[in-house]
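A short write-up of the structure that comes next.
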Amino acid sequence: MDTWKFYDIIHRSHVVCNPTSEEKLARLVDLVQLPKAARVVDIACGKGEFLIRLAEAYGVCGVGVDLSPFFIAEAERRLQSRAPRAAVTFTHMDGAAFKPDRPNSFSLASCIGASWVFGGHAKTLDALVGMAEPDGWVIVGEPYWLQEPSDEYLQALGLPRDAFGSHAENVEAGERLCLDLVHTLVSSKDDWDQYEGLQWHATAAYARTERKDADLPELLERVAKQKSAYLKWGRDTLGWAIYVFRRPPAGN
């Protein structure tokens, strides 16, 4: 089954494609207080909700990139519906291949929930630091272990133990790059239940209307395995947070 078709189907009911509530996303938009026409970039932008809200709030000049053609198409539809005159563009491409026209030229650089693009949390922060201007915002979303994961859960995820660190270690990765942590938006169990539950709901709806889809058995099997892993282990083991860092001003 095509990877991006799979993620499109299971996220059809989502506004935000990570375990963050819309209320927390609104708080993030309010926190950054960008000047009008600020330049921003969002790597792995999903359906573009963060960028569109920044455009609505501040009139930013934004760039969003994502590998999913489905998400990019949806982001463009939402932009045209809500902020058609905004200076925001969405591009279907690998975020790791994105190169700004000038280094350190964005007021805000973000990658919320897709550190795999750059090969991990620390490398993601390093890449974003190269895009953000002095005193600019560097914002990432990243999982962390709430408790030591069981071998069974790691096997279900297909990940090694060191795929994620602790909440404190996620912060320390930014501090090693001389970033100042100014806020965290930590997902609750309710946020996680909403994120996971909407996937189950979207999958069930798809199965009822697309019974002849040849990919349906694989879709249902994968979602069933994810559901089981979440309910058995993930809900108590894996946390998630948006880390709001800021670069030091020039001369510091």
Side-chain angles (χ1 to χ4, degrees), residues 7-34 40 42-58 60 62 64 66 68 70-71 74-75 77-79 81-83 88 90 108-117 121 124 128 137-147 157 164 166-168 170-171 174 181-205 223 226-227 229-231 233-246:
Y7 285 113
D8 170 56
I9 292 170
I10 68 172
H11 287 98
R12 286 189 179 177
S13 299
H14 290 73
V15 174
V16 183
C17 297
N18 57 61
T20 298
S21 66
E22 290 189 61
E23 183 270 337
K24 286 188 173 82
L25 185 64
R27 284 167 51 194
L28 175 59
V29 171
D30 187 59
L31 277 169
V32 295
Q33 291 296 303
L34 296 170
V40 304
D42 190 21
I43 304 296
C45 64
K47 298 180 182 181
E49 187 66 21
F50 184 39
L51 267 181
I52 293 170
R53 292 192 183 208
L54 290 176
E56 291 171 331
Y58 304 113
V60 300
D66 200 283
S68 168
F70 300 98
F71 285 173
E74 179 62 19
R77 285 193 291 270
R78 293 184 181 199
L79 180 67
S81 173
R82 291 162 51 187
V88 172
F90 292 107
L108 182 153
S110 59
C111 180
I112 301 176
S115 64
W116 53 267
V117 169
H121 178 58
T124 298
L128 297 179
W137 299 95
V138 172
I139 300 174
V140 295
E142 182 71 5
Y144 62 91
W145 299 124
L146 292 167
Q147 63 179 11
L157 292 177
F164 307 126
S166 68
H167 188 41
N170 283 348
V171 173
L181 179 75
V182 299
H183 202 74
T184 60
L185 296 159
V186 178
S187 294
S188 65
K189 284 190 176 181
D190 184 64
D191 295 333
W192 269 108
D193 287 346
Q194 170 88 347
Y195 176 65
E196 296 287 338
L198 284 177
Q199 294 182 46
W200 310 337
H201 182 272
T203 301
V223 171
Q226 291 179 3
K227 182 193 296 185
Y230 175 70
L231 294 173
W233 307 292
R235 195 170 187 270
D236 297 316
T237 305
L238 193 63
W240 204 84
I242 295 176
Y243 299 89
V244 185
F245 292 103
R246 198 159 191 176

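Note that the coordinates shown come from a computational prediction; the quantities given were computed from them, not determined experimentally. Atom set for the values below is all heavy atoms of this structure, side chains included, hydrogens, waters and symmetry mates excluded.
Taken to the nearest 0.5 Å, the CG atom of L34 stands 6.0 Å off from the OH atom of Y58. With rounding to the nearest 0.5 angstrom, the CG atom of L198 is 11.0 Å from the CD1 atom of I10. Considering NZ of K24 and CZ of R27, their distance stands at 6.5 Å, rounded to 0.5 Å. Atoms CG and CZ, from L51 and R78 in turn, are 13.0 Å apart once rounded to the nearest 0.5 Å. Annotation: the span from Q147 atom CD to T237 atom OG1 amounts to 4.0 Å, rounded to 0.5 Å. Annotation: the span from L146 atom CG to R235 atom CZ amounts to 11.0 Å, rounded to 0.5 Å.
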Kindly determine whether Y7 and H14 satisfy ring pair (Phe, Tyr, Trp, His ring centres under 6.0 Å), including the steps that lead there.
CA-CA 11 Å; Y7 285 113; H14 290 73; over 10 Å; no

Between H167 and T184, does the side-chain contact (heavy atoms from CB on, under 4.5 Å) criterion hold? Intermediate values first, please.
CA-CA 10 Å; H167 188 41; T184 60; 4.3 Å; yes

Could you walk me through whether S68 and D66 pass the side-chain hydrogen bond (donor to acceptor under 3.5 Å, both in side chains) check?
CA-CA 6 Å; S68 168; D66 200 283; 4.6 Å; no

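Between R53 and E22 a salt bridge is recorded (basic side-chain N to carboxylate O distance below 4.0 Å). The pair R82-E56 counts as a salt bridge, with a side-chain nitrogen and a carboxylate oxygen less than 4.0 angstrom apart. Ion pair D193/K189 not flagged as a salt bridge, since none of the NZ, NE, NH1 or NH2 atoms sits closer than 4.0 Å to an Asp/Glu carboxylate oxygen.
With a 4.5 Å cut-off on side-chain heavy atoms, L231 and K227 count as touching. Taking the side chain as every heavy atom from C-beta outward, V32 and L54 approach each other to under 4.5 Å. Using a 4.5 Å heavy-atom threshold, the side chains of V15 and K47 count as separate. Within the 4.5 Å cutoff, side-chain heavy atoms of W192 are placed close to those of L238. V117 has its side chain out of reach of S115: every pair of non-hydrogen atoms, C-beta onward, lies at least 4.5 Å apart. Between H11 and F70 the shortest side-chain heavy-atom distance does not fall below 4.5 Å. A 4.5 Å side-chain heavy-atom check between F50 and C45 finds every atom pair outside the cut-off. Two residues are said to be in side-chain contact when any heavy atoms from C-beta on lie closer than 4.5 Å; I242 and I112 meet this criterion.
Side-chain atoms of S187 do not come within 3.5 Å of backbone N or O of A241 as any donor-acceptor pair. Side-chain atoms of D191 come within 3.5 Å of backbone N or O of S188 as a donor-acceptor pair.
A donor-acceptor pair shorter than 3.5 Å cannot be found between the side chains of H121 and Y243.
Applying the 6.0 Å contact sphere to NE2 of H183 captures more than 12 heavy atoms from other residues, nucleotides or ligands.
Here the closest heavy-atom approach between residue T124 and residue C111 is recorded as CG2-CB, 3.9 Å.
Considering W116, W240, Y144, W145 in turn, W145 is the only one that fulfils the ring pair (Phe, Tyr, Trp, His ring centres under 6.0 Å) rule with F164.
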